K.L.:
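Before anything else, here's the structure in question.
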Amino acid sequence: MAKNNNEVTGWVGWIGFASFMMILGGIFEAFVGITAIVKDSFFVVTENYLVTFDVTTWGWLHLALGILIVAAGFAVLRGKVWARTVGVLLVLASAIANLAFLPYYPLWSLIVIFIDLLIAYALIVHGHELAD
């Protein structure tokens, strides 16, 4: 028997996870951005890396991404359909930005990339279960 698209399963918890991780991750992303803007000497830069920007530029990028991800996380938590699409695009942009940010803060960047991919999975595969 075919499953009804409006039926909620136990996987709906993935959407709660994704929205809370978006909010928390966005706050952390904003803190990294503020740190890079205020005290750019905090980050040690390696030489000869493919993508090199000024640390302050990375700070503004992370701050903007963080704020947008937090806003999208709250919208996903409220079940907004548009927020799932925006959320997927933002966390993928965050993953790409953190991939380029690897020489500045490697361990943090790898953790954020992993969490971003989990969030994208939850929003893409199980997002319809929390739809408004």
Side-chain angles (χ1 to χ4, degrees):
M1 182 171 185
K3 194 158 74 165
N4 185 357
N5 281 344
N6 293 334
E7 185 179 325
V8 176
T9 67
W11 289 99
V12 74
W14 273 98
I15 303 306
F17 164 79
S19 58
F20 283 115
M21 288 306 293
M22 285 174 70
I23 294 166
L24 185 63
I27 291 169
F28 287 157
E29 192 90 22
F31 281 139
V32 168
I34 291 169
T35 302
I37 293 167
V38 173
K39 187 171 178 157
D40 60 355
S41 63
F42 176 78
F43 298 100
V44 177
V45 183
T46 59
E47 293 186 28
N48 299 325
Y49 193 70
L50 180 63
V51 181
T52 56
F53 290 122
D54 179 48
V55 175
T56 306
T57 304
W58 279 118
W60 285 109
L61 177 70
H62 283 279
L63 180 61
L65 267 174
I67 292 169
L68 292 173
I69 290 171
V70 168
F74 278 114
V76 167
L77 191 59
R78 297 192 67 212
K80 302 298 181 189
V81 176
W82 61 266
R84 292 193 331 250
T85 303
V86 170
V88 169
L89 293 174
L90 286 173
V91 297
L92 292 180
S94 172
I96 292 168
N98 278 288
L99 182 64
F101 196 66
L102 271 170
Y104 300 94
Y105 214 150
L107 182 61
W108 175 257
S109 294
L110 289 173
I111 290 169
V112 171
I113 290 169
F114 178 73
I115 291 172
D116 284 342
L117 294 177
L118 281 177
I119 293 169
Y121 167 78
L123 293 176
I124 291 169
V125 177
H126 302 291
H128 68 279
E129 296 185 24
L130 196 65
D132 208 6

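What you see is a predicted model; the values in this text were computed from it and never measured.
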K.L.:
Which of these, Ile124, Val125, Leu117, sits in a side chain to side chain contact (heavy atoms under 4.5 Å, CB included) with Tyr121?
P.N.:
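Of the listed residues Ile124, Val125, Leu117, the side chain to side chain contact (heavy atoms under 4.5 Å, CB included) partner of Tyr121 is Val125.
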K.L.:
Check Ala97 against Leu65 and note the closest heavy-atom contact, atom names and distance.
P.N.:
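Shortest heavy-atom separation between Ala97 and Leu65 comes out as CB-CD1, 4.0 Å.
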K.L.:
Testing Val91, Val88, Ile15 one by one against Ile119 for a side chain to side chain contact (heavy atoms under 4.5 Å, CB included), which residue passes?
P.N.:
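Single side chain to side chain contact (heavy atoms under 4.5 Å, CB included) partner of Ile119 among Val91, Val88, Ile15: Val91.
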K.L.:
Report the distance from atom CG of Leu99 to atom CG of Leu110, rounding to the nearest 0.5 Å.
P.N.:
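CG of Leu110 is found 8.5 Å from CG of Leu99.
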K.L.:
Is it true that Ile96 and Leu68 fall in one hydrophobic cluster, defined by side-chain heavy atoms closer than 4.5 Å?
P.N.:
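Ile96 and Leu68: separate clusters.
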K.L.:
Taking Asp116 for the side chain and Ala95 for the main chain, is one N or O donor matched with an acceptor at less than 3.5 Å?
P.N.:
yes
K.L.:
Report whether Phe114 and Met21 are members of the same hydrophobic cluster (ILVMFWY, side-chain heavy atoms less than 4.5 Å apart, transitive linking).
P.N.:
yes
K.L.:
Could you grab the distance from atom CG of Leu63 to atom OG1 of Thr35, nearest 0.5 Å is fine?
P.N.:
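With rounding to 0.5 Å, CG (Leu63) is 10.5 Å from OG1 (Thr35).
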K.L.:
Would you give the length of the straight line joining atom OG1 of Thr85 to atom CG of Leu90, rounded to the nearest 0.5 angstrom?
P.N.:
10.5 Å
K.L.:
Locate the shortest heavy-atom distance separating Glu29 from Asn98; write the atom from each residue and the value.
P.N.:
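Minimum heavy-atom contact is OE2-ND2, 3.4 Å.
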K.L.:
Hey, what do you get for CG (Leu118) to CG (Leu123), rounding to the nearest 0.5 Å?
P.N.:
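The CG atom of Leu118 sits 11.0 Å away from the CG atom of Leu123.
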K.L.:
Would you say Val70 ends up clustered with Leu89 if hydrophobic residues are merged whenever their side chains have heavy atoms under 4.5 Å apart, either directly or through other cluster members?
P.N.:
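Leu89 does not cluster with Val70.
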K.L.:
Between CG of Leu61 and OG1 of Thr57, what distance do you get to the nearest 0.5 Å?
P.N.:
9.0 Å
K.L.:
Between Val76 and Met22, which heavy-atom pair has the shortest distance, and what is it?
P.N.:
CG2-SD, 4.3 Å
K.L.:
Of the non-hydrogen atoms in Ala122 and Ala18, which two are nearest, and what is the gap between them?
P.N.:
CB-CB, 3.7 Å
K.L.:
Look up atom CD1 in Ile37 and atom CH2 in Trp58, then write down how far apart they are to the nearest 0.5 Å.
P.N.:
13.5 Å
K.L.:
Between Trp14 and Phe17, what is the ring plane arrangement, given parallel below 30°, perpendicular above 60°, and tilted in between?
P.N.:
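Taking Phe17 first and then Trp14, their aromatic rings stand perpendicular (interplane angle over 60°).
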K.L.:
If you take all heavy atoms of Gly16 and Ser19, which pair is closest and at what distance?
P.N.:
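So the two residues come closest at O-OG, 3.0 Å.
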K.L.:
Heavy atoms only: give me the nearest Ala83-Ala75 pair and the separation to one decimal.
P.N.:
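Minimum heavy-atom contact is CB-CB, 3.4 Å.
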K.L.:
Any side-chain heavy-atom pair from Ile27 and Phe31 closer than 4.5 angstrom?
P.N.:
yes
